[in-house]
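Following: one structure in C-alpha coordinates, then a few remarks.
Side-chain atoms are counted along with the backbone in the values below, which use heavy atoms only and exclude waters and symmetry mates. The sequence lines fix the lettering, A, B, ..., with proteins before strands; numbering per chain opens at 1. Remember, it's a predicted structure, so these values are computed and weren't measured experimentally.
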There are 2 protein chains.
Amino acid sequence: MFSKACEYAIRAVIYICHQSKNGERVGLKEIAKRTDSPEAFMAKILQKLVKNGIVSSLKGPTGGFVLDKEQQEKIRLVDIVYAIDGDNVFNGCGLGLRECSEEQPCPIHDKFKNIRNGLSKMLHQTTIHDLAEGLSTGTSYLRI
Amino acid sequence: MFSKACEYAIRAVIYICHQSKNGERVGLKEIAKRTDSPEAFMAKILQKLVKNGIVSSLKGPTGGFVLDKEQQEKIRLVDIVYAIDGDNVFNGCGLGLRECSEEQPCPIHDKFKNIRNGLSKMLHQTTIHDLAEGLSTGTSYLRI
DNA sequence: TTAATAAAGGACTTATTTATCCGTTATTTG
DNA sequence: CAAATAACGGATAAATAAGTCCTTTATTAA
Ligand code: FES
Ligand code: FES
(Lines give C-alpha, C1' and ligand atoms only; values in the text may rest on other atoms or scores of the structure.)
(Ligands and ions follow the chains in the order given, each with its own letter.)
Protein backbone atom coordinates (compact mmCIF):
# COMPACT_ATOMS: atom_id res chain seq x y z
CA MET A 1 0.00 0.00 0.00
CA PHE A 2 2.62 2.52 1.15
CA SER A 3 6.35 2.40 0.49
CA LYS A 4 8.65 1.36 3.33
CA ALA A 5 9.88 4.95 3.51
CA CYS A 6 6.32 6.17 3.92
CA GLU A 7 5.56 3.63 6.64
CA TYR A 8 8.63 4.76 8.56
CA ALA A 9 7.68 8.39 7.98
CA ILE A 10 4.23 7.97 9.47
CA ARG A 11 5.62 6.10 12.47
CA ALA A 12 8.22 8.82 13.00
CA VAL A 13 5.79 11.72 12.81
CA ILE A 14 3.42 10.04 15.24
CA TYR A 15 6.25 9.45 17.66
CA ILE A 16 7.58 13.00 17.35
CA CYS A 17 4.07 14.37 17.86
CA HIS A 18 3.64 12.21 20.93
CA GLN A 19 6.84 13.56 22.43
CA SER A 20 6.21 17.12 21.31
CA LYS A 21 3.03 17.15 23.37
CA ASN A 22 5.19 16.48 26.39
CA GLY A 23 7.30 19.41 25.29
CA GLU A 24 10.16 17.10 24.47
CA ARG A 25 12.42 17.39 21.46
CA VAL A 26 13.60 14.06 20.04
CA GLY A 27 16.79 13.07 18.21
CA LEU A 28 17.27 10.79 15.26
CA LYS A 29 18.64 7.93 17.36
CA GLU A 30 15.64 7.88 19.62
CA ILE A 31 13.16 8.11 16.75
CA ALA A 32 14.83 5.25 14.90
CA LYS A 33 14.86 3.10 18.03
CA ARG A 34 11.28 3.74 19.06
CA THR A 35 9.93 3.19 15.56
CA ASP A 36 12.14 0.17 14.88
CA SER A 37 13.59 1.62 11.71
CA PRO A 38 17.11 1.90 10.25
CA GLU A 39 18.72 5.05 11.60
CA ALA A 40 20.47 6.29 8.45
CA PHE A 41 17.39 5.68 6.34
CA MET A 42 15.22 7.45 8.87
CA ALA A 43 17.60 10.41 8.68
CA LYS A 44 16.87 10.77 4.97
CA ILE A 45 13.16 10.51 5.54
CA LEU A 46 13.21 13.13 8.27
CA GLN A 47 15.07 15.51 5.97
CA LYS A 48 12.27 15.16 3.45
CA LEU A 49 9.63 15.71 6.10
CA VAL A 50 11.40 18.85 7.28
CA LYS A 51 11.64 20.17 3.72
CA ASN A 52 7.93 19.60 3.35
CA GLY A 53 7.14 21.48 6.53
CA ILE A 54 5.69 18.41 8.21
CA VAL A 55 8.15 18.40 11.08
CA SER A 56 10.54 21.04 12.40
CA SER A 57 14.17 20.50 13.28
CA LEU A 58 16.93 22.18 15.23
CA LYS A 59 20.65 21.55 14.86
CA GLY A 60 23.28 21.33 17.51
CA PRO A 61 23.21 20.13 21.11
CA THR A 62 19.67 19.99 22.52
CA GLY A 63 18.60 19.93 18.88
CA GLY A 64 16.32 17.36 17.34
CA PHE A 65 12.91 17.06 15.77
CA VAL A 66 9.68 18.52 16.97
CA LEU A 67 6.12 19.28 15.89
CA ASP A 68 5.10 22.79 16.81
CA LYS A 69 1.55 23.50 17.97
CA GLU A 70 0.31 24.27 14.49
CA GLN A 71 1.89 21.15 12.99
CA GLN A 72 0.43 19.00 15.75
CA GLU A 73 -3.04 20.24 14.88
CA LYS A 74 -2.78 20.54 11.11
CA ILE A 75 -0.73 17.62 9.86
CA ARG A 76 -2.80 14.75 8.49
CA LEU A 77 -1.80 11.35 7.15
CA VAL A 78 -2.45 12.59 3.65
CA ASP A 79 0.31 15.20 4.00
CA ILE A 80 2.89 12.58 4.89
CA VAL A 81 1.83 10.10 2.21
CA TYR A 82 1.79 12.81 -0.41
CA ALA A 83 5.23 14.11 0.61
CA ILE A 84 6.86 10.68 0.52
CA ASP A 85 4.92 8.61 -2.01
CA GLY A 86 3.44 11.29 -4.21
CA ASP A 87 -0.05 11.24 -5.66
CA ASN A 88 -0.19 7.79 -7.20
CA VAL A 89 -2.15 6.42 -4.24
CA PHE A 90 -4.80 9.05 -4.80
CA ASN A 91 -4.99 9.23 -8.58
CA GLY A 92 -3.27 6.16 -10.00
CA CYS A 93 -5.05 3.43 -11.95
CA GLY A 94 -5.44 0.15 -10.07
CA LEU A 95 -4.24 -1.76 -13.10
CA GLY A 96 -1.35 0.57 -13.81
CA LEU A 97 -2.73 2.22 -16.92
CA ARG A 98 -0.93 5.46 -17.66
CA GLU A 99 -3.89 7.46 -16.49
CA CYS A 100 -7.04 6.75 -14.52
CA SER A 101 -9.91 8.35 -16.37
CA GLU A 102 -13.67 8.13 -16.60
CA GLU A 103 -13.46 8.36 -20.39
CA GLN A 104 -11.29 5.29 -20.87
CA PRO A 105 -11.60 3.40 -17.60
CA CYS A 106 -9.93 0.09 -16.94
CA PRO A 107 -12.18 -2.86 -16.08
CA ILE A 108 -11.81 -2.41 -12.32
CA HIS A 109 -12.11 1.39 -12.40
CA ASP A 110 -15.48 1.77 -10.66
CA LYS A 111 -14.79 -0.74 -7.92
CA PHE A 112 -11.24 0.47 -7.43
CA LYS A 113 -12.28 4.08 -7.27
CA ASN A 114 -14.48 3.30 -4.30
CA ILE A 115 -11.60 1.81 -2.38
CA ARG A 116 -9.24 4.57 -3.38
CA ASN A 117 -11.73 7.24 -2.37
CA GLY A 118 -12.28 5.55 0.96
CA LEU A 119 -8.55 5.47 1.56
CA SER A 120 -8.18 9.07 0.48
CA LYS A 121 -11.00 10.17 2.76
CA MET A 122 -9.45 8.34 5.68
CA LEU A 123 -6.04 9.87 5.05
CA HIS A 124 -7.55 13.34 4.83
CA GLN A 125 -9.60 12.95 7.99
CA THR A 126 -6.91 11.48 10.18
CA THR A 127 -4.63 13.92 11.96
CA ILE A 128 -1.36 12.93 13.55
CA HIS A 129 -2.69 14.43 16.75
CA ASP A 130 -5.45 11.81 16.80
CA LEU A 131 -3.03 8.96 16.21
CA ALA A 132 -0.58 10.11 18.86
CA GLU A 133 -3.38 9.80 21.44
CA GLY A 134 -3.18 6.03 21.26
CA LEU A 135 0.47 6.11 22.22
CA SER A 136 -0.31 8.22 25.28
CA THR A 137 -3.11 5.94 26.42
CA GLY A 138 -1.03 2.85 25.69
CA THR A 139 -3.61 1.44 23.31
CA SER A 140 -1.42 1.46 20.22
CA TYR A 141 2.17 0.69 19.36
CA LEU A 142 4.86 1.76 16.92
CA ARG A 143 6.90 -1.44 16.98
CA ILE A 144 6.51 -5.22 17.05
CA MET B 1 -1.37 -0.95 -4.30
CA PHE B 2 -0.49 -3.97 -6.41
CA SER B 3 2.90 -4.88 -7.85
CA LYS B 4 3.51 -4.25 -11.53
CA ALA B 5 3.49 -8.01 -12.08
CA CYS B 6 0.07 -8.22 -10.45
CA GLU B 7 -1.33 -5.39 -12.52
CA TYR B 8 -0.16 -7.11 -15.70
CA ALA B 9 -1.52 -10.40 -14.43
CA ILE B 10 -5.01 -9.01 -13.89
CA ARG B 11 -4.99 -7.33 -17.29
CA ALA B 12 -3.87 -10.57 -18.93
CA VAL B 13 -6.47 -12.77 -17.26
CA ILE B 14 -9.24 -10.35 -18.16
CA TYR B 15 -8.09 -10.33 -21.77
CA ILE B 16 -7.75 -14.11 -21.94
CA CYS B 17 -11.20 -14.50 -20.42
CA HIS B 18 -12.64 -12.09 -22.93
CA GLN B 19 -11.18 -14.08 -25.81
CA SER B 20 -12.01 -17.44 -24.28
CA LYS B 21 -15.68 -16.52 -24.32
CA ASN B 22 -15.37 -16.18 -28.08
CA GLY B 23 -13.81 -19.66 -28.05
CA GLU B 24 -10.48 -18.19 -29.04
CA ARG B 25 -7.13 -19.25 -27.66
CA VAL B 26 -4.55 -16.46 -27.34
CA GLY B 27 -0.77 -16.45 -27.56
CA LEU B 28 1.79 -14.58 -25.48
CA LYS B 29 2.49 -12.02 -28.20
CA GLU B 30 -1.12 -11.05 -28.52
CA ILE B 31 -1.66 -10.86 -24.77
CA ALA B 32 1.39 -8.65 -24.31
CA LYS B 33 0.31 -6.38 -27.12
CA ARG B 34 -3.30 -6.01 -26.04
CA THR B 35 -2.40 -5.38 -22.41
CA ASP B 36 0.51 -3.08 -23.23
CA SER B 37 2.99 -5.09 -21.21
CA PRO B 38 6.54 -6.35 -21.82
CA GLU B 39 6.36 -9.69 -23.58
CA ALA B 40 9.12 -11.56 -21.75
CA PHE B 41 7.90 -10.36 -18.40
CA MET B 42 4.36 -11.34 -19.24
CA ALA B 43 5.65 -14.80 -20.14
CA LYS B 44 6.90 -15.24 -16.57
CA ILE B 45 3.66 -14.01 -15.12
CA LEU B 46 1.59 -16.35 -17.26
CA GLN B 47 3.73 -19.28 -16.12
CA LYS B 48 2.86 -18.46 -12.54
CA LEU B 49 -0.81 -18.09 -13.35
CA VAL B 50 -0.82 -21.48 -15.06
CA LYS B 51 0.93 -23.10 -12.07
CA ASN B 52 -1.73 -21.63 -9.84
CA GLY B 53 -4.53 -23.00 -11.98
CA ILE B 54 -5.81 -19.55 -12.84
CA VAL B 55 -5.33 -19.93 -16.57
CA SER B 56 -4.78 -23.00 -18.76
CA SER B 57 -2.18 -23.34 -21.48
CA LEU B 58 -1.38 -25.49 -24.46
CA LYS B 59 1.98 -25.84 -26.17
CA GLY B 60 2.76 -26.09 -29.83
CA PRO B 61 1.10 -24.65 -32.91
CA THR B 62 -2.47 -23.54 -32.23
CA GLY B 63 -1.38 -23.46 -28.60
CA GLY B 64 -1.78 -20.53 -26.26
CA PHE B 65 -3.62 -19.50 -23.15
CA VAL B 66 -7.26 -20.02 -22.35
CA LEU B 67 -9.76 -19.91 -19.49
CA ASP B 68 -11.97 -22.99 -19.47
CA LYS B 69 -15.63 -22.68 -18.53
CA GLU B 70 -14.98 -23.34 -14.86
CA GLN B 71 -12.12 -20.86 -14.67
CA GLN B 72 -14.21 -18.20 -16.37
CA GLU B 73 -16.88 -18.59 -13.71
CA LYS B 74 -14.73 -19.23 -10.64
CA ILE B 75 -11.68 -17.01 -10.88
CA ARG B 76 -11.92 -13.84 -8.82
CA LEU B 77 -9.51 -10.92 -8.48
CA VAL B 78 -8.50 -12.22 -5.08
CA ASP B 79 -7.13 -15.41 -6.65
CA ILE B 80 -4.83 -13.47 -8.96
CA VAL B 81 -3.65 -11.01 -6.33
CA TYR B 82 -2.98 -13.82 -3.89
CA ALA B 83 -1.08 -15.87 -6.47
CA ILE B 84 1.18 -12.99 -7.52
CA ASP B 85 1.48 -10.68 -4.50
CA GLY B 86 0.76 -13.07 -1.64
CA ASP B 87 -1.29 -12.25 1.42
CA ASN B 88 0.29 -8.98 2.53
CA VAL B 89 -2.51 -6.94 0.98
CA PHE B 90 -5.03 -8.85 3.06
CA ASN B 91 -3.21 -9.26 6.37
CA GLY B 92 -0.29 -6.84 6.42
CA CYS B 93 -0.02 -3.88 8.79
CA GLY B 94 -0.48 -0.49 7.17
CA LEU B 95 2.58 0.84 8.93
CA GLY B 96 4.69 -2.22 8.18
CA LEU B 97 4.81 -3.68 11.68
CA ARG B 98 5.84 -7.31 11.59
CA GLU B 99 2.31 -8.41 12.32
CA CYS B 100 -1.09 -6.77 12.28
CA SER B 101 -2.84 -7.71 15.48
CA GLU B 102 -5.69 -6.56 17.66
CA GLU B 103 -3.58 -7.11 20.76
CA GLN B 104 -0.78 -4.74 19.77
CA PRO B 105 -2.30 -2.60 17.04
CA CYS B 106 -0.44 0.24 15.35
CA PRO B 107 -1.98 3.72 15.58
CA ILE B 108 -3.78 3.45 12.26
CA HIS B 109 -4.94 -0.14 12.76
CA ASP B 110 -8.69 0.47 13.11
CA LYS B 111 -8.96 2.91 10.24
CA PHE B 112 -6.64 0.89 8.03
CA LYS B 113 -8.49 -2.34 8.73
CA ASN B 114 -11.65 -0.79 7.33
CA ILE B 115 -9.96 0.07 4.07
CA ARG B 116 -8.22 -3.27 3.88
CA ASN B 117 -11.45 -5.14 4.54
CA GLY B 118 -13.23 -3.12 1.90
CA LEU B 119 -10.51 -3.95 -0.60
CA SER B 120 -10.56 -7.61 0.39
CA LYS B 121 -14.33 -7.77 0.02
CA MET B 122 -14.16 -6.17 -3.39
CA LEU B 123 -11.45 -8.57 -4.56
CA HIS B 124 -13.46 -11.56 -3.31
CA GLN B 125 -16.68 -10.41 -4.92
CA THR B 126 -15.29 -9.51 -8.31
CA THR B 127 -15.02 -12.30 -10.85
CA ILE B 128 -12.96 -12.06 -14.00
CA HIS B 129 -16.09 -12.94 -15.90
CA ASP B 130 -17.69 -9.71 -14.67
CA LEU B 131 -14.71 -7.62 -15.66
CA ALA B 132 -14.42 -9.15 -19.12
CA GLU B 133 -17.97 -7.94 -19.83
CA GLY B 134 -16.76 -4.36 -20.07
CA LEU B 135 -14.33 -5.30 -22.82
CA SER B 136 -17.11 -6.90 -24.84
CA THR B 137 -19.41 -3.91 -24.48
CA GLY B 138 -16.55 -1.52 -25.19
CA THR B 139 -17.01 0.32 -21.91
CA SER B 140 -13.60 -0.49 -20.46
CA TYR B 141 -10.06 -0.72 -21.70
CA LEU B 142 -6.85 -2.62 -20.98
CA ARG B 143 -4.42 -0.07 -22.36
CA ILE B 144 -3.73 3.69 -22.62
C1' DT C 1 8.97 -38.07 -38.98
C1' DT C 2 10.37 -33.73 -39.54
C1' DA C 3 9.81 -28.75 -39.53
C1' DA C 4 7.49 -25.23 -37.41
C1' DT C 5 5.29 -23.29 -33.50
C1' DA C 6 4.49 -21.80 -28.84
C1' DA C 7 4.83 -22.39 -23.90
C1' DA C 8 8.22 -23.67 -19.97
C1' DG C 9 12.17 -22.72 -17.47
C1' DG C 10 16.71 -21.18 -16.09
C1' DA C 11 20.17 -17.61 -16.07
C1' DC C 12 20.92 -13.09 -16.53
C1' DT C 13 20.52 -7.73 -16.73
C1' DT C 14 18.51 -3.38 -15.51
C1' DA C 15 16.03 -0.25 -12.62
C1' DT C 16 14.21 1.13 -8.36
C1' DT C 17 13.89 1.02 -3.57
C1' DT C 18 15.98 0.47 0.63
C1' DA C 19 19.78 1.31 3.39
C1' DT C 20 24.53 2.93 4.74
C1' DC C 21 28.70 5.98 5.13
C1' DC C 22 30.98 10.09 5.88
C1' DG C 23 32.16 14.85 5.52
C1' DT C 24 29.74 19.58 6.24
C1' DT C 25 27.06 22.96 8.60
C1' DA C 26 24.69 24.98 12.33
C1' DT C 27 24.09 25.45 17.31
C1' DT C 28 24.99 25.13 22.12
C1' DT C 29 27.83 25.15 26.24
C1' DG C 30 32.03 25.79 28.80
C1' DC D 1 36.78 30.86 20.96
C1' DA D 2 36.92 25.74 21.18
C1' DA D 3 34.84 21.43 21.64
C1' DA D 4 30.93 18.74 21.50
C1' DT D 5 26.55 17.72 19.46
C1' DA D 6 23.08 16.83 16.07
C1' DA D 7 20.90 17.70 11.70
C1' DC D 8 22.08 18.22 6.56
C1' DG D 9 23.59 16.52 2.20
C1' DG D 10 26.03 13.96 -1.25
C1' DA D 11 27.87 9.60 -2.65
C1' DT D 12 27.71 4.82 -2.37
C1' DA D 13 26.15 -0.04 -1.40
C1' DA D 14 22.85 -3.76 -0.85
C1' DA D 15 18.42 -5.81 -1.72
C1' DT D 16 14.41 -6.36 -4.31
C1' DA D 17 11.45 -5.73 -8.29
C1' DA D 18 11.09 -5.41 -13.08
C1' DG D 19 12.42 -6.92 -17.30
C1' DT D 20 15.31 -9.75 -20.92
C1' DC D 21 17.53 -13.63 -23.32
C1' DC D 22 18.09 -18.07 -24.76
C1' DT D 23 17.66 -23.07 -24.57
C1' DT D 24 14.44 -26.94 -23.80
C1' DT D 25 10.04 -29.34 -24.15
C1' DA D 26 5.65 -30.40 -25.99
C1' DT D 27 2.40 -30.30 -29.80
C1' DT D 28 0.67 -29.85 -34.41
C1' DA D 29 0.45 -30.42 -39.17
C1' DA D 30 2.58 -31.11 -43.54
S1 FES E 1 -8.75 3.60 -15.04
FE2 FES E 1 -8.02 2.01 -13.78
S3 FES E 1 -8.68 2.67 -11.86
FE4 FES E 1 -9.43 4.26 -13.10
S1 FES F 1 -1.39 -3.38 13.36
FE2 FES F 1 -1.07 -1.91 11.79
S3 FES F 1 -2.81 -2.25 10.55
FE4 FES F 1 -3.15 -3.69 12.15
So which protein N/O to nucleotides 23-26 of chain D N/O distances come out below 3.5 Å?
{"unit_1": "D/dT25", "atom_1": "O2", "unit_2": "B/K59", "atom_2": "NZ", "d": "3.4"}
{"unit_1": "D/dA26", "atom_1": "O4'", "unit_2": "B/K59", "atom_2": "NZ", "d": "3.4"}

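Residue-level contact check: B/K48 touches neither bases nor backbone, having no heavy atom under 4.0 Å from any strand. Residue B/L28 is classed as a sugar-phosphate contact, given heavy-atom separations below 4.0 Å to backbone atoms only.
Taking only distance into account, the side chain of A/K44 meets the base of D/dG10 through a donor-acceptor pair shorter than 3.5 Å.
Side-chain N or O atoms of A/Q71 include one that pairs as donor or acceptor with a backbone N or O of A/G53 at under 3.5 Å.
For B/P38, the side-chain atoms get nearest to D/dG19 when compared with the rest of C/dG9, D/dG19, D/dG9. With D/dG9, C/dG9, D/dG19 as the choices, the nucleotide that has an atom nearest any side-chain atom of B/F41 turns out to be D/dG19.
Proximity of A/Y8 to the phosphate of C/dT18: no side-chain N or O atom is located under 4.0 Å from OP1 or OP2. Contact check, B/S57 against C/dA8: a side-chain N or O comes under 4.0 Å of OP1 or OP2.
Look at CG on B/L46: it is 14 Å from C1' on C/dG9, rounded to the nearest Å. Spacing between atom CZ of B/R25 and atom C1' of C/dA6 amounts to 11 Å, rounded to whole angstrom units. As rounded to whole Å, 13 Å separates atom C1' of D/dT5 from atom CG of A/L58.
Side-chain atoms of A/S120 and A/N117 include no donor-acceptor pair closer than 3.5 Å. With no hydrogens or angles considered, no side-chain donor-acceptor pair links A/E133 and A/H18 at under 3.5 Å.
Annotation: of the two residues near DNA chain D, A/Q47 and A/G63, the 5′-most nearest-nucleotide partner is A/G63.
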